Number of protein chains: 2
Amino acid sequence: MIELRHLRYFIAVAEEGHVTRASERLGIAQPPLSQQIKALEEAVGTPLFIRHPRGVSLTDAGTRFLEGARATMATLEETLDATRRTARGEQGRLAVGFTSSVAFHAIVPASISRYRRLYPQVSLALEESITADLMDALFAGRLDIAFARLPPEIPPHVRLEPLLDEEMLVALPPSHPLAAGGPEEPIELLRLAEETFILYRRPSGPGLYDTIIAACRSAGFSPRIGQEAPRMLATLSLVASGLGVSIIPASMRRIDPGGIAYRRVAGAPGLVAPLYLIYQPDTLSGATRRLIEVVREELPGLAGH
Amino acid sequence: MIELRHLRYFIAVAEEGHVTRASERLGIAQPPLSQQIKALEEAVGTPLFIRHPRGVSLTDAGTRFLEGARATMATLEETLDATRRTARGEQGRLAVGFTSSVAFHAIVPASISRYRRLYPQVSLALEESITADLMDALFAGRLDIAFARLPPEIPPHVRLEPLLDEEMLVALPPSHPLAAGGPEEPIELLRLAEETFILYRRPSGPGLYDTIIAACRSAGFSPRIGQEAPRMLATLSLVASGLGVSIIPASMRRIDPGGIAYRRVAGAPGLVAPLYLIYQPDTLSGATRRLIEVVREELPGLAGH
DNA sequence: AAAATCCATATGTTTTGAGTATGAAGTATG
DNA sequence: CATACTTCATACTCAAAACATATGGATTTT
């Protein structure tokens, strides 16, 4: 069976044109080198060297073999390089998922664009889905990592790394009396007791919906639910149309489907929208590790926003 | 040190996704396979497999390595193929030399064109030179094989394989009285005793020149030499101009610089032009061997022409 | 809960690659 | 022309490493 040792030895002998000199270069004695060359010729099935009284030279077949042996070694070297770069996360593919709601938070675009700049040789695949689908994809390996709110169910071997707890804001129709104050002036949650709430409810499981209900309860009232919208954007459209108020993560403020007023909330300490980085810590690819690093480095500059 | 064994084992495990099954496929036990995989991962410097309770799967780095490992093996396989084809003489390069005088003999173009047809993947380099240069080139390895008349000096390790002895013809000017008979009707050499001879003389060494002188001597006269031309074609031009007669190998009959009459020669048994195939038998390339075969096969149909 | 699956580790055996000594063939040199 | 030298090949020994057998640990299946 031909081994790389044979190729290394062959190349040395071919380059030196001299078995003894090649053996010195290889750091072995001359006889084993002669033996290995002989074994190689036997495996190939044809002489590769012409033995002269003063050194050796390549046969035609040997010349062709030298070319191929070098190509083989070069292919392997490249492979090792690329493999190590991939392991270090400097090369390869990375599939990142996120929900539509977190995509508006600055940490997501900031991390991804910095990652792109730092590791341009990693080809990024971005996917926006609902949390449940992200978790499935993560578990099945179609996704390496995801940004999301608290998922309904956590598959085994999946880690939720809490990134930050985002403040939540009240979204008021422009005509609403409470919309008058400045955006930084908080509203007591209890003052919304008589309002109709438009809430985004994800299919199955807890999440922001429950957080909001719980916050209202502990503020002393049970919110009247007017409509449950399937998408965050739809929720805000309904608010803009004056059908009710809503409570949304602060980063969603950027969406403005027509004159919505956003106000901070006072007296509701648990009313936050957590943001998690989600991945399988046991089977981290290098590229994934690098993204986690980047996200953690971006965090201090953005936390709380 | 990474060896091909590692690549072969790695590919098997990657393809099976299963160490035990791969070990069966490879015909070895499972523990050594685990060890070799571990050694490979250590050499590469990064894990290539993720160990699951029910088999193994590739890491990102492993996926990249699989690609490269396959490419490496493929490169080697191609190399072995090409090397063996080269050894068999089905591929590669072949440098063939010949003198201007033998190029007219049918054996040369016939052999070369048949060789071209049989071994189209061998790229042919044809070179026309004087015999001495051919011998130098042959000895130096710039030429694999040559067609020539008897060379002045034979370098060591060079074999002259006699192909055939070519008849020699008298070349007469068109106006010459002896030119009247049919070409197949031989002339006694002695009848040329009073003629002026135009002879082709190669720089240094014996050859056709001496053969002709010797034949005249044994026919009973010493030829009067009118001029020694440096090239065969020049010789015939001088004959055509009526400056004398000449004696040339039969195959040169094809050259006709204006109405030369060619006649066979009688009573001169030694008056032949030998044609040799010349090569170094100790360092024959496959391609050279094949050409020798082809020439030998062409010989029966052409001998004596 | 027990059995089964599968990879990893531990230990012994065999293969084989490498070292030392020597020979054969050819070349250079006195 | 004989001797010394160079270089590759062969013979034999040793050591490393590849492989086999036995066993353990983790996880899943029955």
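We name chains A, B, ... by the order of the sequence lines, and we start the count at 1 in each one. Both backbone and side-chain heavy atoms feed into the values below; hydrogens, waters and symmetry mates do not. This is a predicted model, so every value here is computed, not measured.
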Strictly below 4.0 Å: does [X] bring a side-chain N or O up to OP1 or OP2 of [N]?
X: A/Ser34; N: D/dC8; answer: no
X: A/Lys38; N: D/dC8; answer: no
X: A/Gln30; N: D/dA9; answer: no
X: B/Arg54; N: D/dT27; answer: no

Quiz item: Separation of B/His52 atom NE2 from D/dG25 atom C1', in whole Å?
Solution: 18 Å
Quiz item: Between atom CD in A/Glu16 and atom P in D/dT7, what is the gap in whole Å?
Solution: 12 Å
Quiz item: Starting at the 5' end of DNA chain C and moving along, which residue's nearest nucleotide shows up first, B/His18 or A/Gln35?
Solution: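 Its nucleotide being nearer the 5' end, the pick is B/His18.
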Self-check item: Nearest listed nucleotide, side chain of B/Pro31, among D/dT7, D/dT21, D/dT10
Solution: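 Per side-chain heavy atoms of B/Pro31, the pick is D/dT21.
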Quiz prompt | Closest listed nucleotide, where the reference is the side chain of B/Arg5 and the choices are D/dC12, D/dA18, D/dA9 | solution = D/dA18
Quiz item: Looking across every strand, which nucleic acid part, if any, lies under 4.0 Å from A/Tyr9 by heavy atom: base, sugar-phosphate, or nothing?
Solution: sugar-phosphate
Quiz item: Base, sugar-phosphate, or nothing for A/Pro32, non-hydrogen atoms under 4.0 angstrom?
Solution: base
Quiz item: Centres of the A/Phe65 and A/Phe10 rings: under 6.0 Å?
Solution: yes
Exercise. For DNA chain C, note the earliest and the latest nucleotide, 5' to 3', having some atom under 4.0 Å of a heavy atom belonging to chain A.
Key: C/dG17 to C/dT27
